[in-house]
Engineer: 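Can you read through this structure? Questions will come right after.
Since the structure is predicted, the reported quantities are computational estimates derived from the model, not experimental observations. Throughout, a chain's letter reflects where its sequence line sits, starting with A, and its residues are numbered from 1.
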Amino acid sequence: QSSKIEGTVTDYLTKETLPGVSISLKGTTNGTITNLDGYYSLDVESFPVTLQFQFIGYKTVEIEFSSAENSADVMLKEDVQQLNEVVVTAQQIEREKRTLGYAVTTLDKDEINKTGETNFVNSLSGKVAGVQVSSSGGGLGSSSRIVIRGTSSLSGNNQPLFVVDGVPIGNSNISSGDGISGAFDAGNGAGEINPADIESVTVLKGASAAALYGSRAANGAIIITTKRGKVGSKLSINYSTTFRTEEPLIMPDFQNDYSQGLNGKYDNRFLNGWGAFIEGQEVEDFNGNIEKLTAYPSNIDDFYQRGNLFINSIDLSSASETADLRLGITTHNQTGITPESKLGRYTISFNAGQKISKLVSARFSVNYVNSKNDGIVTQGGNSPNVLTSLLYGIPRNISHEKMKLNEDGSQNPLNKFTNSPYWIIEKNKNNTKVDRYFGFVQMDLKPNEWLGFTGRLGLDHRNEKRFRNSSKGTIGINEGSFEDDRIDQKELTASIMANVNRKLNEDLVFTAILGTEYNSRVFERILNTSEELSIDGIYAPDNALSNTPNKSYSERVTMGAYGDLSLTYRNYLTLNLTGRNDWSSTLPVDNRSYFYPSANMSFIFTDAFSWSNAYLSYGKVRVGAAKVGNDTAPYQLDFRFFPVTEIYGQYGLDNTYPWNGQSGYRASNTIPPQTLKPESQITYEIGTELQFFDGRFGLDLTYYHIRTKDQILSLTAPPETGYSRIMKNVGETENKGVELMLNTAPLVTSSFSWNVLLNFSKNNFKVVELAEGVDKLTIASGFGGLTVEATPGESLGIFGGTFKRDPDTGRPLVDENGIRLEGENERLGSINPDFTFGMTNSFQWKGINLSFLIDWAQGGLMYSSTVSDLRTSGLAYETGVDRDMLIIDSEALVDLGDGNTRENDIAISPEDFWTNYSKSTITEASLFDKTFVKLREIKISYSLPEKLLQRMPIRMLTVGLEARNLAILYKAIPHIDPETSLFQSSSDASGAIEMGGLPSTRSYGFNLKVGF
Amino acid sequence: CDDALDVNKDPLAADQEQVSENLGVLFSGILPNICSNRVVETNINTSMWVQQIVSGGSAEVFLAPERYNLSPFYLDNTWSTFYVTGLKNAKMGEELALEQGMENTAAQFILLQAFIYYHITYLWEDAPFTEAVQPNEFLEPEYDSQQVVLKGMLDRIEKAIGMINPEKLERISDEDLIFRGDLEKWVKFGNSLKLRLLMTMADKDSEAKAKLKDVLRQPLIVNYEDEAQFDYFQSTNNSNQLWKLHNQYSVDSSGNISGSFFFASEGIIEMMQRLGDPRLSVYFDEGKDAQPGQFVGVKPGSTESYTVSTVLSLNIIRPDYPDRWITSSEVFFFVAEAILKGWVDGTVTEANQYLRIGVERALDWFDNKPGSMTIADKQQYIRSLPDLNSLPKDKALEAVYTQQYLESFLRGVYSFVNMRRNKFPNLSVPEEALVDGLICRLPWSPDSEASNPNVPAPRTVDEPMWFQK
């Protein structure tokens, strides 16, 4: 008589049921496998019996059953010793992670798409050690900067290469205007990648990992693999919908007691808060009406609105043994926190592969992105359309209602120089439209078991139309103007690759790759500026009295040939050598060919010495060294004469050519290099991966050292030479750092698990030397003498105005009126963070999943012009405290002018104190530590159990609540989010200077996923 | 493979050969930029330093330079406008012209360089001249003394004048935005510029007086048609940036300029009222809340301007107000001055005559322009001028200086040279000025200080220049 043994097999850590586990009766050929729910049942003739549970990647378990009664649920532990995790490396080559001699981190689709992001780059924030993501503010579609292992090149090119399915794609951030004269942030190229189409992202952190991509991967590479149809599904359909709502994360703290004016008297000409105490007295407002003076504490909050975000994704896929295809469609509709801003992005992704014969297979992939972003705000300075600094200067006694436009659409300007914010938002627009195609065709030939050939042709074609206008009647642009801006970027990559993978004998496996690559990048832009409109609202160039077209064009070609050899001994020791030669069109003919090698080794000592035990289950060490060269921008070598468009006029008063019917030319302002050789970067890294307690605790530690020399830099030349820059191979920088990733499961029970993933990175950047006689290289300039500079021996630093200090005590000095004296322009500290830390906690209980990510960046300085403005204008909360009391600046000493000082006893008004203390030329006073700890992501989801689903026509259903940037848990800077920036993501000074940035946002909502 | 990589030639830029075919485009590439710096930066600053106009605290960006507090951006912009935009391209034009034997074209470029050096040396005194703009030999040019610069300029001007041959057709014509290729006018320009230089050198340099006598025998700018000026136009993008400044930042809701950033100084109002100068209401408008004919000046360096304070006139703030480089009036005043000082031959009666011609030209220039004066007003004013014969020498000179000062309104750099040269008018240091003395010079360009070890030690802005001593 037979009895039945039954139960469910689950993962020891995740508690997920494991379908497909094979269960065999030891010593027989009888057996079964678990079903989709992990359930098994086996008829047994006699007892006792021993069942063997086997599953790939898990330790085999044997259980003896003495009777049918002790049927059992079984938990399998992952076999970390056999960890065969496969990662996608350079050139889309899949490798077992254990054989890699360098640090690599892979994020899967769930991690990338945990809380849908408008900018894909943001979804990497806080998740990978060594990767620093900085977003530039809360505008829709705004750019984000990503830097791996710190800035190394002083030439400004420090972002990694983005590669989708083996094809490099553009991540440029082309500015429209600059921060100083008012710009809008049109986003960065990689931000347009649709997270819903991503299967996995591998971050190749350094030259060792990325050597095969050539010079462009000197800053690392982000390797994105898109989803494909998976074998085993006839047709699967997934639908996901997300709704989130968005609001400003942080607003300045305003005082709400004092009106506009000066010296405690109301005056409607001044946009500030140094006026009268607000107590309902009758005054004339800026419209000329008599009203009772009232404070409107929420006037700025009321100007902002709630933004909404809808993401809908549908995904159809199907695959057989010989063919697969996937079609993904995503719509992304969003309204922003400023009125009139909205983003619509539509993405179609199609990927199909076919095994044509035993020998030949082919694949085709195309992604189309259509994006329309309307009402992007102008940021920075000097433009009448800059929004945020205008908003934060609005007196407390003006309600947002009052600033609204008149019924006939005209505005009541706040004063002679200042437009109403509603005018700027409703009448003056910045819009972009993007059409982008990227994808590839690929052919694979597999003549035999160990040899393969791949040919791939990839294309990224991005077309962007930008439009910005200022209506007639805009103060500062009274006659109206508009710009039509067409940007076309094309990147073509063709490659052929041969792949050998051969077992030489029982102990040795040999793999080799040989390949060539052709890459061409063409950039074309035509920008027409039309000014003085005859009829308002007609944005045709013919309607303008003045049109100034401007064209730019650049083309560059790189060719590469590369090889990658690796030898693995007994699956625990791997030696890998790579070499690549590049030929770049941008370098002088004699120096345009350059070769760079890399070598790395991986050694799994626990396997080699059979050290694996209950405590240490897996141990690997890796070492690597790599050299990468780098070229320069196109057209840097010839002496050129350019047709001139713009005639610079201070205060934004530019004129343009033609001048009375004549064009003009000017010679290049850069002394072209006599000879130029490629930049070179040498990286060493050493690391270890350890797993303890059966994988309950894992650690991945890396130390690296990067030296970048012969940098191609454009240095300041003495203008009296007739040139402002000279281009040379000079300068050397160094990055040393550690990266640590820890994963641990502090608490795991049969129904509950808690997993923690930590990453920590610390990068020390240092400029080793600049050119001979050059002690400073300006990376960026702000206002009031503020700059970000590279200086030998130090990290990138903020330089700016200081208070004059007593040399003996270091205390600031005031003059005989009690006003602080200005000192010299000095280095005030580093802009680079001391370290960054990310922590993801996830909890699982039955079908419920909770995870949250805390993102912490420690240290580094930033200058906030918003704080400076809020304080000098008397609008910041702190300027309203004790307004009627005089202030004695007790930190200061009085400078008696004869070299002597005395304790400061001079009382001054808060107005005198703050207008002098926080003024723009004193960088020091508005400089803050930009440390922050943020609750970056939270997600709670619930998946319907299989049992319930079986009765429904659906395969899976998950509902969830999600939030991004829910709270700033700690920050040192007042009034603003330290993650806002004047400079866009393309600048190395990004994050160091803040000015009039849109506040960052917090968003929360829900998500539903259904699969059929 | 090599062919595919040969894509590194910029299709949107010209090479030397292409530019040589039309060197005029380098000429037109320089002029608007030099004038842009003049009209909205340097002339404003220097006009505030000679205290014709004052900011009254209307904007920090004007109050700071009025008090001699100069932003590094201004210094760098100006220095590099002159050397990088101006001198480099002009020198390149000169060299490429000479390579092709085009001496007239080369001379035009040389005279333009001399005009640019005029600004450099009278704003900074010592400056790179012999080693400037030759990056292949001198990456860190030495600074020459003002005397060396001035002498070098004289040589260059003489050389250029010697090269000019109006018989030859070759020249820059359409792109010559000053004289449209009229070479005779360039000769007069060169001589008149020489006259300016020599007036500052006559007492300091032994050869200067002889040269001064000689230059007065050469063709000079004596008619309106000969005057050197850079024209601006009504169209927004070819317009005077002083107007643009007001049109962008000081308009009322109907789009009209509603007030100026600049006010009349107390001193100039006092002077013009005392003389009954009809240009008072040409240069200035009454404040919004002032009575008709009520002119109220503002103290230099102060922030005490009111709605009654007298503002810069819309006769001057207009899109097509030209940038006047060298006027015929100034030449007549120079001759009168040189006679009175005994530097050249001539009688006081002649000087008296030249003074009157100069004033007449200064007044008549406004004919058919906004601010034109009636014939009666003009005649009355000229009649009221003192007879130099009846005055002691210092008073006679003062009468000439007065007219130089009033004629040079908003021609700041030129006026600033005269003010320092003649120590007239007798000005007081603006309120809250950075230094105790009157400003005499600009600090070095920070860009230059940061990149050229040969920059001389800093000097305070009130240290006089060689020509003042």
Side-chain angles (χ1 to χ4, degrees), chain A residues 413 416-417 473 475-479 518 531-532 545-546 548 551-553 555-557 559 583-586 592 634-635 637-642 644 647-653 655-656 659-660 662-667 669 671 715-724 726 773-774 776 785, chain B residues 1 4-5 7-16 19 25-26 28-29 32-33 36 40-41 72 77 79-80 83-85 87-89 91-92 128 132-133 135 138-141 174-175 177 233 235-239 241 244-245 247-251 253 255 258 445 447-448 450-453:
Chain A
K416 206 161 122 180
F417 299 100
I475 292 174
I477 309 168
N478 193 42
E479 295 302 316
Y518 166 91
E531 290 171 289
E532 287 189 274
L545 301 189
S546 151
T548 312
K551 177 175 174 176
S552 30
Y553 178 88
E555 181 182 359
R556 63 194 300 166
V557 170
M559 297 202 208
W583 290 265
S584 164
S585 68
T586 65
R592 74 183 176 197
Y635 314 142
L637 310 176
D638 295 333
F639 193 83
R640 292 179 287 168
F641 293 86
F642 305 98
V644 196
I647 300 154
Y648 174 79
Q650 184 64 273
Y651 320 117
L653 304 171
N655 273 316
T656 56
W659 191 272
N660 191 25
Q662 301 300 322
S663 60
Y665 269 72
R666 279 187 219 144
N669 288 343
I671 303 173
L715 303 169
T716 308
E720 51 272 26
T721 59
Y723 297 83
S724 45
I726 179 163
V774 179
K776 257 203 239 180
Chain B
C1 177
L5 289 168
V7 293
N8 208 28
K9 184 176 180 334
D10 186 347
L12 300 179
D15 59 22
Q16 205 147 304
V19 161
V25 293
L26 291 180
S28 51
N33 231 65
S36 169
V40 82
E41 292 190 84
N77 284 345
W79 185 257
S80 112
Y83 274 106
V84 180
T85 307
L87 292 171
K88 174 188 59 199
N89 289 291
K91 190 155 192 296
M92 209 145 243
V133 200
F138 306 108
L139 266 178
E140 290 162 352
D174 288 348
E175 297 91 353
L177 302 171
F233 304 91
S235 65
T236 306
N237 280 325
N238 284 187
S239 58
Q241 279 132 325
K244 277 188 110 132
L245 171 76
N247 188 51
Q248 280 192 25
Y249 297 106
S250 185
V251 287
S253 55
S258 61
S445 142
D447 276 350
S448 186
S451 54
N452 186 354

Engineer: Could you tell me whether the side chain of B:Asn33 reaches within less than 4.5 Å of the side chain of A:Arg666, counting heavy atoms only?
Structural biologist: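 Yes. Closest side-chain heavy atoms under 4.5 Å.
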Engineer: With a 4.5 angstrom heavy-atom cut-off, is it the side chain or the backbone of B:Asn89 that approaches chain A, or both, or neither?
Structural biologist: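 Only the side chain of B:Asn89 comes within 4.5 Å of chain A.
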Engineer: Please flag which part of A:Thr548 lies under 4.5 Å from any non-hydrogen atom of chain B: side chain, backbone, both or neither.
Structural biologist: side chain
Engineer: Please look at A:Ile671 and chain B and tell me whether the side chain, the backbone, both or neither of the residue comes under 4.5 angstrom of a heavy atom of that chain.
Structural biologist: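 Just the side chain, heavy atoms under 4.5 Å.
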Engineer: Do A:Trp659 and B:Leu177 touch side chain to side chain, with heavy atoms closer than 4.5 Å?
Structural biologist: yes
Engineer: Would you indicate whether the side-chain heavy atoms of B:Asp10 and A:Pro634 approach each other to under 4.5 Å?
Structural biologist: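 Sidechains of B:Asp10 and A:Pro634: no contact.
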Engineer: Between A:Val557, A:Thr656, A:Ile477, which has the largest tally of heavy atom pairs under 4.5 Å with chain B?
Structural biologist: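 Max contact count across the listed options: A:Thr656.
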Engineer: Can you find a heavy atom in the side chain of A:Ser724 that is under 4.5 Å from one in the side chain of A:Pro719?
Structural biologist: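 In short, these two side chains do not touch, never coming nearer than 4.5 Å.
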Engineer: Is B:Leu139 close to chain A through its backbone or its side chain, or both, or neither, when contacts mean heavy atoms under 4.5 Å?
Structural biologist: both
Engineer: Looking at chain B, which one of A:Leu545, A:Thr586, A:Asn660 has the largest number of heavy-atom pairs inside 4.5 Å, strictly under?
Structural biologist: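 Heavy-atom pair counts peak at A:Asn660.
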Engineer: For B:Asn77, is it the side chain, the backbone, both, or neither that has a heavy atom closer than 4.5 Å to a heavy atom of chain A?
Structural biologist: side chain
Engineer: What part of A:Ala717 gets closer than 4.5 Å to chain B, counting heavy atoms only: side chain, backbone, both or neither?
Structural biologist: backbone
Engineer: Under 4.5 Å from any heavy atom of chain B, what part of A:Leu715 do you find: side chain, backbone, both or neither?
Structural biologist: neither
Engineer: Is there a side-chain contact between A:Tyr635 and A:Arg556 in this structure, where contact means two heavy atoms from C-beta onward sitting under 4.5 Å apart?
Structural biologist: no
Engineer: Check whether any side-chain heavy atom of B:Ser448 lies under 4.5 Å from a side-chain heavy atom of B:Tyr83, and answer yes or no.
Structural biologist: no
Engineer: Heavy-atom distances under 4.5 Å only: say whether B:Gln241 touches chain A with side chain, backbone, both or neither.
Structural biologist: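 Both parts, backbone and side chain.
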Engineer: Is the shortest heavy-atom distance from the side chain of B:Ser239 to the side chain of A:Asn655 under 4.5 Å?
Structural biologist: yes
Engineer: What residue, out of A:Val644, A:Asn669, A:Ile726, A:Ile475, has the most heavy-atom pairs lying under 4.5 Å from chain B?
Structural biologist: A:Asn669
Engineer: How long is the gap from OG on A:Ser584 to CG on B:Asn8, to the nearest 0.5 Å?
Structural biologist: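 The distance works out to 7.5 Å.
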Engineer: Where on A:Glu531 is there a heavy atom nearer than 4.5 Å to chain B: the side chain, the backbone, both, or neither?
Structural biologist: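 For A:Glu531, the contact with chain B is made by the side chain alone.
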Engineer: Side chain, backbone, both or neither: which part of B:Phe138 has an atom under 4.5 Å from a heavy atom of chain A?
Structural biologist: backbone
Engineer: Determine the option with the most heavy-atom pairs under 4.5 angstrom with chain A, choosing from B:Ala13, B:Ala14, B:Ser28, B:Ser36.
Structural biologist: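 Sorted descending by pairs with chain A, the first entry is B:Ala14.
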Engineer: Where does B:Pro128 contact chain A at under 4.5 Å (heavy atoms): side chain, backbone, both or neither?
Structural biologist: side chain
Engineer: Heavy-atom pairs under 4.5 Å with chain B are the metric here; pick the option from A:Tyr723, A:Tyr648, A:Tyr518, A:Tyr553 that has the most.
Structural biologist: A:Tyr723
Engineer: Would you compute the distance between atom NZ of B:Lys244 and atom CD of A:Gln650 and round it to the nearest 0.5 angstrom?
Structural biologist: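 If I round to the nearest 0.5 Å, the distance is 14.0 Å.
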Engineer: Can you tell me how far the NZ atom of B:Lys9 sits from the CD atom of A:Glu555, to the nearest 0.5 Å?
Structural biologist: 13.5 Å
Engineer: So which of B:Ala450, B:Pro11, B:Pro72 has the largest heavy-atom pair count under 4.5 angstrom toward chain A?
Structural biologist: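 Top option by heavy-atom pairs under 4.5 Å: B:Pro11.
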Engineer: If the plane angle is over 60° it's perpendicular, under 30° parallel, otherwise tilted; pick one for A:Phe639 and A:Phe641.
Structural biologist: perpendicular
Engineer: Which bit of A:Asp638 comes within less than 4.5 Å of chain B, counting heavy atoms only: side chain, backbone, both or neither?
Structural biologist: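 Just the side chain, heavy atoms under 4.5 Å.
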Engineer: Taking the side chain as everything from C-beta on, heavy atoms only, tell me whether A:Glu532 gets closer than 4.5 Å to B:Asn237.
Structural biologist: no
Engineer: Can you tell which of B:Thr85, B:Val40, B:Leu26 has the highest number of heavy-atom pairs within less than 4.5 Å of chain A?
Structural biologist: B:Leu26
